[in-house]
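Report on the structure given below.
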Amino acid sequence: MVELMVQQTTKAPIGAYVCLLKGCSRRKALAEGKKVHALIVQSGIDSNIFLANALVHMYAKCGSVLDAHKVFRNMPQHNVYSWTAIISAYANSGQGEEAMNLFQQMQQTGLAPDKVLFVVVLKACARLAALEQGKQLHSDIIKRGFQSDVIVGNTLVDMYAKCGCTEDARELFNNMSERDVVSWTAIIGGYAQNGLCKEALALYEQMKQEGVQPDNVTFVLLLKACASLAALEQGKQLHSHIIKRGFQSDVIVGSTLVDMYAKCGCTDDAREVFNIMSERDVVSWNAMIAGYAQNGLHKEALALYEQLKQEGVQPNKVTFVVLLKACASLAVLEQGKQLHSDIISRCFQSDVIVGSTLVDMYSKCGCTDDARELFNNMSERNVVSWNTMIAGYVQNGLGQEALALYEQMKQEGVQPDSVTFVLLLKACASLAALEQGKQLHSDIIKRGFHSDVIVGSTLIDMYAKCGCTEDAHELFNNMSERDVVSWTAMIAGYAQNGRGKEALALYEQMKQEGMLPDIVTFVLLLKACASLAALEQGKQLHSDIIKKGFQSDVIIGSTLVDMYSKCGCTVTARELFNNMSERNVVSWNTMIAGYAQNGFGKKALALYEQMKQEGVQPDNVTFVLLLKACASLAALGQGKQLHCDIIKRGFQSDVIVGSTLVDMYSKCGCTDDARELFNNMSERNVVSWTAMISGYAQNGLGKEALALFEQMQREGTKPNEVTYICVLSACAHSRLVDEGRYAFDAMCKDQGVTPTSEHYACMVDLLGRAGCLPDAELFINKMPIQPGSEVWMTLLGAARNHGHVEMGRRAFDRVVKLEPEKAAPYVLLSNIYAAAGRKDELAKIRNEMKDAGVKKVPGCSWIEVDNKVHAFVVGDATHPQSKEILAELDRLVALMKEAGYVPDLSFVLDDVEDEEKENALCQHSEKLAIAFGLINTLPGTPICIKKNLRVCGDCHNATKLISKIVGREISLMDANRSHHFKDGFCICGDYW
C-alpha cells in the first residue's frame, strides 16, 4: 500500500495516511512508517494536528521515542491528544521521569488533562514508586471529577499499591462507586506484590461472595500468591476454579499453575499440568525447568532442556540462566560447556545476565581461569558481573585474587554494592587478612554501607576470624540495627576463638533483648558448651531448643549428641541419637566420635555394624573415626576389615583416610604394612608424612623416623609443629640425644616454628630418658614460657625411671600445683618412694592422695581375638574364661621362674605381704590379656595388646620371658609407645 501511494501522483486523503500509520503501529513496521512520514511531508500536510498525533503514536509504538519527540516538537500546536501520545511514548519506554516532566509542561500551557492522560501518568508514577506525585495527581483527579471513573479508580488503586501503600489502595477500592474485575484484580495484585498474600487470597473469597467473575489475570496473581506462601491446598482449590471457569487452556495460566505446584514442592503435579497443556510457549518450559531446579532436581531440569530442543522450542535468556544454575549446582562442567556453545549459537553471549551466570557456572565447577577469561571478554559488565567473579574466587579459596579484583573494580570506576563487600569480607576472614579487612571497613564507611545489617554482621565475622573479638564486639555494640544473624555472628566469634563463656553470656543478653535464636545460633552455643564441657548450660540449651521446636532438626540433633558426648554423657547422647526422627551420616559419625572420644572404641565399632545394617552409607569421616577407634584398641583385625570396606567404597585415595590407615597400622605395631601403604599413597601431605614418622617413633624406630623426616624435606614438604613433636619423640625413645637437640634447634632457627609446651616436654623427655636429669631440669628453668604440667610430669617420669627422689619431689610439687586433680603424679612419686624403700614418705604421699580425693585410674588392657575386642582390668575376675586365664598365668609364672624370673615387688604400692604383692603383679591387666590371647589363638600366632597406662617394669620383663617361652611375637602398645617382644627381647632395648 505504501509503495502504491508513492507511485500515485495525486494526493491521498488524510484518512488514508492515518490508516497506514495505524497499520505500521500494529506491525511495529518502523521503516514503512518512516516512508509514510516522508509522503506526508512531501504532501505538505505534516502540520495537520490529526496526522501529527498519529505520527507520534506510530513512532512510539515502533519504539523510536526520539523520532516521536521530534515530530511532537515540530508541531505548530498541541492538543491533549498530542500530549497524551508523547507522554505515553516516554512512559511505555520506561522513561517515567521524562513523562512526568512533560506532564508538568502540559499543565503549564493551561491544557486540561483528560481521563486517558491521567491513567498514563498514574502508571508512570506506579513504575517510579513516585508516591507524592501520585497523590498530587489523585488530588487533580478529584478536582476534575474523574474519581468515579472505574478505569481511573483502578489505576489509582494500582498506583498506591505499587508505591507500597496497600491501606490507601484498599480504602480507595472500598469507596469505589463502581468496581469491575479489573478493580478486584488491581487490589489483589497490590496485596500479592507487597507480600500480603494471605490478604490477596482472602479478598478472592470476598470477590466470589460478591459474584464478581475472576479473569485469567486474577488467577495468575492468586496462583503467584499461593506459590509465595507454599499454600498448596489453596492452590489446588484455585486449580479447580480455573478448570470450572475454562481457563486451563490459557498458556499463561497453565505456566503459572506449573510454577505454583513447583514452588509448593509438588514437581510431579507440576509436570502433569505441563504435560497436558494444549499450548506451551518458552515461558511454560522455563516454569517447569525452573521448578525442577528450585527443588534440587537439576538432572531433570537438564533432561527437560533436551526435550525442549527436540520439540523445536526456542529457548530464551531465562532458560539458559536457569540451566546454567543447575549445572553449577551439580558441578557438571561438560553439560555447562554444551550450554555455553548453545548460548553462542543463539547469540545470547553478550547479554550481561547470561554472561554473569556463565562466569558463576565455571567458577562453581572449579574452573576459575575459564570464568575469568569469560569475565574479561564480556562486552558489558555490571556490579553483578564483578560480584559473580569475586564470589567465584572466594568460593574456590582464592581470597587474594578476589581482593585484587576489587582493586581493579575500583580502578575501572565500578561502584561496589553491599554484596561486593560481604564477599570481600569473607575473603579477608578466610585469609585472616586483618589489614585488608580494615581497609574494606574504611571503604564501607565511606560508601555508607556500615548501617547495612548484613554488611555489619559480616564485619563482625571478619574481625572475629582474624582473632580480634574485642573489635568485633565493639562493632556489634555500635550497630544501629541487629538481627539474629548479627547476634549469631558475635556468638560464633567468641566460640571460634575459644571464648565459650562469653558466647554463652551473650546468649543470655540476646534472650533479655527479646531476640529469637535460630538453628545456627543453637548449634554454635552447643559447640561452646561442648568445648567447655559445660553440661548444665548444655542441658538448659536443650530445654530452650525443645521450647522453640527445633529438636527435630537433624543438625541440632547431631550437635546435641556431640555436646552430651563431649561432656562425658554417652548414655544420654545415645538415647538422643536413638530418638532422632531423622538421621544422616553426620549423625552417625557424631555418635561414633562420641564413643571413640570417651574411650568406648568397642561401642563405636558396634555402631558401625548397625549403621551398615540400616543401609546408611559411611563417608570418609566415618572411616577416619573408626580407624582411630581400632588404633586405640589395637584391633588390627577390625582395622583390616575397615581397610577392605574403604577400598570397596573408593576412599583409599583420600589423603586423610590414607594417613589414618597409616596411623592405625602403626599403632597396631605393623610398621611395615604402614610404610607400604604410605609408599603407595597417590597423594601425600604433611599429615601423611607426620603419621608415618609418628608410627616409627611409637614403635621405637628412631633412625627410620629421622630418615623419613629427611626424605620428607628433600621432597619439598614443609614439616609443621606436630611433625617436630613426632621427630623429638622418636629421638627420645631411641636414645638419639644429639639428633634430638639438632632437630629442636633447626625447628626454632631454620623452620621458624615457635616451640610449644609439648615441644619442650619432648626435649625434657629426651634428656630425662638418657639419664641427663640435671640437664633436663636446667632446660626447664631456662624455658622462655611458663612450663606446663606436661613438662613437669615428664621430668617426674624421668626421676621415677632413674630413682632420683629429690628431683621427683620437686617435679611432683610443680605438677600438683597446676593439676591437683590428677592421680598420675601421686602414683609416680609413690613408685619413687617405694623403689627407694622410703616407707614413711610412701605412706605420707598416699595419705595426701587420699585427702585430695584423687583416685588412681585403673589400668586396662585390650586384646582382639576373632574380630572381637576383650578388655581386662587389674585383678579382673569378670571374664567368662577367668579360670582358664588364671590357670594359664600360673603355668607361665612357674616356667618364668624356672628361667630366672624374679617378680619386681616395688611396682606394688600396697603395704601387704610379699606373697600378696606377687599375686597382684601376676594379675596386672596386660598379663591377663596375654594369657587370654595364648589360650584363644593358634600356636605361633602373634599377640597384640593395648594398654591405657604405661607398662610397668615387671610386666615388661615378664612379657620378654613369655615371648621366648611360648615362641610368640607379642606387641604391647602402652600410653607412651609400642613394645614388640620376640625371643626374650623387646625392640625398645629396655629403654622406654
Side-chain angles (χ1 to χ4, degrees), residues 14-15 17-26 28 30 33-34 36-37 40-41 44-160 162-163 182:
I14 289 173
Y17 287 114
V18 171
C19 288
L20 284 173
L21 289 171
K22 286 183 177 179
C24 293
S25 297
R26 281 195 303 273
K28 292 183 170 48
L30 180 61
K34 284 186 174 183
V36 175
H37 188 179
I40 291 169
V41 172
I45 54 174
D46 52 310
S47 60
N48 180 282
I49 193 168
F50 191 54
L51 271 178
N53 288 345
L55 276 167
V56 171
H57 181 76
M58 181 276 294
Y59 278 121
K61 287 290 185 183
C62 290
S64 183
V65 179
L66 289 176
D67 286 320
H69 202 147
K70 189 183 293 185
V71 172
F72 177 81
R73 194 172 56 244
N74 292 330
M75 288 172 69
Q77 61 181 21
H78 303 110
N79 60 17
V80 69
Y81 302 108
S82 315
W83 286 98
T84 301
I86 191 62
I87 290 169
S88 296
Y90 277 106
N92 294 333
S93 66
Q95 300 180 64
E97 289 184 7
E98 186 59 33
M100 299 296 295
N101 290 335
L102 284 167
F103 179 68
Q104 289 175 356
Q105 289 176 33
M106 187 201 84
Q107 286 180 308
Q108 289 166 7
T109 66
L111 273 174
D114 61 7
K115 292 185 291 186
V116 175
L117 186 52
F118 273 122
V119 167
V120 170
V121 181
L122 283 171
K123 287 181 177 179
C125 286
R127 290 194 190 98
L128 295 169
L131 179 61
E132 291 309 312
Q133 289 163 292
K135 284 182 174 180
Q136 183 58 54
L137 284 171
H138 190 179
S139 176
D140 292 348
I141 286 165
I142 293 170
K143 287 176 185 175
R144 297 189 183 278
F146 293 140
Q147 71 271 23
S148 60
D149 182 87
V150 69
I151 299 173
V152 173
N154 293 343
T155 316
L156 273 167
V157 168
D158 180 67
M159 182 277 295
Y160 276 110
K162 286 203 166 89
C163 290
V182 178

(message) Do Pro113 and Arg144 make a side-chain contact, defined as non-hydrogen atoms from C-beta onward lying under 4.5 Å apart?
(response) yes

(request) Measure the shortest side-chain to side-chain distance between Phe72 and Asn53 over non-hydrogen atoms and say whether it is less than 4.5 angstrom. (result) no

(message) Do Asp149 and Phe118 make a side-chain contact, defined as non-hydrogen atoms from C-beta onward lying under 4.5 Å apart?
(response) no

(message) The criterion is side chain to side chain donor-acceptor pair (under 3.5 Å); which residues satisfy it with Asp114, sequence neighbours excluded?
(response) none

(message) Quick check for you: to the nearest 0.5 Å, what is the distance between Thr109 atom OG1 and Gln104 atom CD?
(response) 12.5 Å

(request) Look at the side chain of His138 and the backbone N and O of Leu156, then say whether any donor-acceptor pair between them is shorter than 3.5 Å. (result) no

(message) Just checking Leu111: does its CG atom have more than 12 heavy atoms from other residues, nucleotides or ligands closer to it than 6.0 angstrom?
(response) yes

(request) Kindly check if the number of other-residue, nucleotide or ligand heavy atoms within 6.0 Å of CZ (Phe146) is above 12? (result) yes

(request) Flag the pair Leu66 / Tyr59 as yes when at least one side-chain heavy-atom distance between them is below 4.5 Å, and no otherwise. (result) no

(message) I need the minimum non-hydrogen distance between Leu21 and Ala54, along with the two atoms involved.
(response) CD1-CB, 3.7 Å

(request) Would you please test Gln133 and Met100 for side-chain contact (heavy atoms from CB on, under 4.5 Å) and show each step? (result) CA-CA 9 Å; Gln133 289 163 292; Met100 299 296 295; 3.6 Å; yes

(request) Kindly determine whether Val71 and His37 satisfy side-chain contact (heavy atoms from CB on, under 4.5 Å), including the steps that lead there. (result) CA-CA 10 Å; Val71 172; His37 188 179; 3.6 Å; yes

(message) One pair to check against side-chain contact (heavy atoms from CB on, under 4.5 Å): Met106 and Leu117. What are the steps and the verdict?
(response) CA-CA 11 Å; Met106 187 201 84; Leu117 186 52; 3.3 Å; yes

(message) Run Trp83 and Phe103 through ring pair (Phe, Tyr, Trp, His ring centres under 6.0 Å) and show every step you take.
(response) CA-CA 8 Å; Trp83 286 98; Phe103 179 68; 9.2 Å; no

(request) State, without any angle test, whether Asp140 and Gln136 hold a side-chain donor-acceptor pair at a distance under 3.5 Å. (result) yes

(message) For a quick test of reading the model, state the closest non-hydrogen atom pair linking Gly33 to Cys24 and the distance between them.
(response) N-SG, 3.6 Å

(request) For Ala60 and Ala68, work out which heavy atoms get closest and say how close. (result) N-CB, 4.1 Å

(message) To the closest 0.5 Å, what do you measure between OH (Tyr17) and CD1 (Ile40)?
(response) 7.0 Å

(message) Looking at every non-hydrogen atom in both residues, tell me the closest pair between Gly145 and Ser148 and how far apart they are.
(response) O-OG, 4.2 Å

List, one per line, each side-chain donor-acceptor pair under 3.5 Å for residues 85-93, sequence neighbours excluded.
from, atom 1, to, atom 2, distance (Å)
Ser88, OG, Thr84, O, 2.6
Tyr90, OH, His69, ND1, 2.5
Asn92, ND2, Ser88, O, 3.1
Ser93, OG, Ala89, O, 3.1
Ser93, OG, Tyr90, O, 3.0
Ser93, OG, Gln95, NE2, 3.2

(message) Can you confirm whether Ile141 sits close enough to Leu122 that some side-chain heavy atom of one is under 4.5 Å from a side-chain heavy atom of the other?
(response) yes

(request) Answer yes or no: are there more than 12 heavy-atom neighbours, outside Glu97 itself, under 6.0 Å from its atom CD? (result) no

(message) Please evaluate residues Val56 and Ser82 with respect to the criterion side-chain contact (heavy atoms from CB on, under 4.5 Å), reporting the C-alpha separation (whole Å), side-chain torsions for both, the decisive distance (0.1 Å), and the verdict.
(response) CA-CA 8 Å; Val56 171; Ser82 315; over 6 Å; no

(request) Apply side chain to side chain contact (heavy atoms under 4.5 Å, CB included) to Val182 and list each qualifying residue two or more places apart in sequence or on a separate chain. (result) Asn154, Asp180

(request) Indicate whether any N or O donor in one side chain lies under 3.5 Å from an N or O acceptor in the other, for His57 and Tyr81. (result) no

(request) For the residue pair Gln147 and Val152, establish whether any side-chain heavy-atom pair is separated by less than 4.5 Å. (result) no

(request) Return yes if a side-chain donor-acceptor contact under 3.5 Å exists between Asp158 and Thr155, otherwise no. (result) no

(message) Just verifying a value: how many Å separate Arg127 CZ and Cys163 SG, rounded to the nearest 0.5 Å?
(response) 12.5 Å

(message) Please report the interatomic distance NZ(Lys123) to NZ(Lys162), rounded to the nearest 0.5 Å.
(response) 9.0 Å

(message) Using 0.5 Å steps for rounding, measure from the OG atom of Ser47 to the CE atom of Met75.
(response) 9.5 Å

(request) State, with a plain yes or no, whether a side-chain heavy atom of Lys135 is found less than 4.5 Å away from one of Ser139. (result) no

(message) If you define the side chain from C-beta out and look only at heavy atoms, does anything of Val18 sit under 4.5 Å from Phe50?
(response) yes

(message) Show the nearest heavy-atom pair for residues Gln77 and Ile49, with the distance to one decimal.
(response) O-CD1, 3.8 Å

